[in-house]
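Heads up: the structure comes next, in structure tokens.
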Amino acid sequence: MTLPTPSALTTLISQTNSDPVSALTTQVLHNLQHQHLWTSLETHQLFRDDQTSSKTGELVLPPTTYLISGVPPHRVYTHPDEQLYLLELGLREHDLPPERMLVLPTTQGQSWSLGKLAAVFDSLPTLEPVPSSNNNGEETEEDKEKKTKLAKYFEKRQQAIQSNEWGGKRVLFAMVDRLVGGDGTVVYYIFQEGIVKPRQN
């Protein structure tokens with residue numbers, strides 16, 4: 001009896017580090033790239049001053065914790081106040097350049113506390129904005145007007161980042177079903193630092 005040919009993901013994981021955390025990161029990266037069509041994917045290791053909380057003595061983050069950053073094909077989340085400002089300017093979300101997002105690979109059943117979540121947000125790297133593609137053709141009046149509106153939006157966005165007006169740091173939790181009988185399904189949850197006011201419909 002011959003064994004079935006390993007899947008592309010199994011082959012990829014076997015070619016990388018056999019460490020379970022690295023295998024999990026590789027699995028989520030593969031899912032983002034091939035099922036959700038993210039581009040410019042990179043991995044980052046979170047660095048901490050210490051690994052235990054001074055108050056509780058609990059392990060804040062595992063010794064090796066990786067983040068993935070990448071560019072999704074469309075925006076994943078827009079803060080309600082940011083959405084309102086876009087409407088005031090007459091811009092739509094598809095007028096904005098893609099936004100680089102951070103993803104934290106996790107597994108179902110992994111325990112999280114407020115201390116661990118705070119440590120993740122404290123360790124998040126600053127992401128450089130994705131450069132917008134230059135239009136090499138001639139600009140129409142509409143293009144010039146849109147460029148002016150975008151410049152106004154980015155100026156306001158810079159102020160909002162400094163004041164947390166449009167929410168604090170944001171990360172996607174990629175939760176992989178690896179429990180007994182789990183099929184490796186990856187589900188994504190948006191986690192944001194601080195309180196976000198509810199949307200108005």
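Any value given below was found using the heavy atoms of this structure, including those in side chains, with hydrogens, waters and symmetry copies removed.
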Taking the ring of Phe173 and the ring of Phe191, is the distance between their centroids below 6.0 Å?
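Yes, close enough.
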
Are [Y] and [X] connected in a single hydrophobic cluster, I mean Ile/Leu/Val/Met/Phe/Trp/Tyr linked by side-chain heavy atoms less than 4.5 Å apart?
{"X": "Leu37", "Y": "Val187", "result": "no"}
{"X": "Leu96", "Y": "Met101", "result": "no"}
{"X": "Ile161", "Y": "Val76", "result": "no"}
{"X": "Tyr77", "Y": "Leu32", "result": "yes"}
{"X": "Leu102", "Y": "Trp112", "result": "yes"}

State the [atom1]-[atom2] distance between [X] and [Y], to the nearest 0.5 angstrom.
{"X": "Gln162", "Y": "Gln158", "atom1": "CD", "atom2": "CD", "answer": "6.0 Å"}
{"X": "Leu150", "Y": "Asp95", "atom1": "CG", "atom2": "CG", "answer": "6.5 Å"}
{"X": "Asn31", "Y": "Ile68", "atom1": "CG", "atom2": "CD1", "answer": "9.0 Å"}
{"X": "Gln33", "Y": "Leu41", "atom1": "CD", "atom2": "CG", "answer": "6.0 Å"}

Any ion pair linking Glu82 and Lys156 (charged N to carboxylate O, less than 4.0 Å)?
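Result for this pair is no, no salt bridge flagged.
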
Are any of the side-chain nitrogens in Glu99 or Arg157 under 4.0 Å away from the carboxylate oxygens of its partner?
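Yes, Glu99 and Arg157 are salt-bridged.
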
Could you tell me which non-hydrogen atom of [X] sits nearest to which non-hydrogen atom of [Y], and how far apart they are?
{"X": "His44", "Y": "Ser69", "answer": "NE2-OG, 2.7 Å"}
{"X": "Leu104", "Y": "Val171", "answer": "N-CG2, 4.1 Å"}
{"X": "Ile190", "Y": "Leu172", "answer": "CG1-CD2, 3.4 Å"}
{"X": "Pro105", "Y": "Tyr66", "answer": "CD-O, 3.2 Å"}
{"X": "Lys152", "Y": "Leu89", "answer": "CD-CD2, 3.7 Å"}
{"X": "Glu165", "Y": "His79", "answer": "O-CE1, 3.9 Å"}

Examine the side chains of Gln45 and Thr65 and answer whether a donor and an acceptor come within less than 3.5 Å of each other.
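No, no side-chain donor-acceptor contact under 3.5 Å.
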
Would Glu93 and Gln83 satisfy side chain to side chain contact (heavy atoms under 4.5 Å, CB included), going step by step from the backbone distance to the final call?
CA-CA 8 Å; Glu93 286 187 19; Gln83 201 171 37; 3.7 Å; yes

Would you check if [X] and [Y] make a side-chain contact, meaning some heavy-atom pair closer than 4.5 Å?
{"X": "Val71", "Y": "Trp38", "result": "no"}
{"X": "Val176", "Y": "Thr185", "result": "no"}
{"X": "Val120", "Y": "Lys116", "result": "no"}
{"X": "Met175", "Y": "Tyr188", "result": "no"}

In terms of ring plane angle, is the pair Trp166 and Tyr153 parallel, tilted or perpendicular, where the classes change at 30° and 60°?
parallel

Using salt bridge (charged side-chain N to carboxylate O under 4.0 Å, His left out), reason through Glu142 and Lys146 one step at a time and then give a plain yes or no.
CA-CA 6 Å; Glu142 191 178 322; Lys146 187 184 282 187; 5.5 Å; no

Under 3.5 Å, is there a donor-acceptor pair between the side chain of Arg92 and the main chain of Leu86?
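Absent.
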
Just by distance, do the side chain of Lys169 and the backbone of Glu193 share a donor-acceptor pair under 3.5 Å?
no

Looking at Glu141, I want to see if its CD is surrounded by more than 12 non-hydrogen atoms of other residues, nucleotides or ligands under 6.0 Å.
no

Step through the shown structure and confirm whether more than 12 heavy atoms of other residues, nucleotides or ligands are within 6.0 Å of CD on Glu42.
yes

Test log, rule side chain to side chain contact (heavy atoms under 4.5 Å, CB included), inputs Thr107 and Gln110
CA-CA 6 Å; Thr107 58; Gln110 189 174 347; 3.6 Å; yes

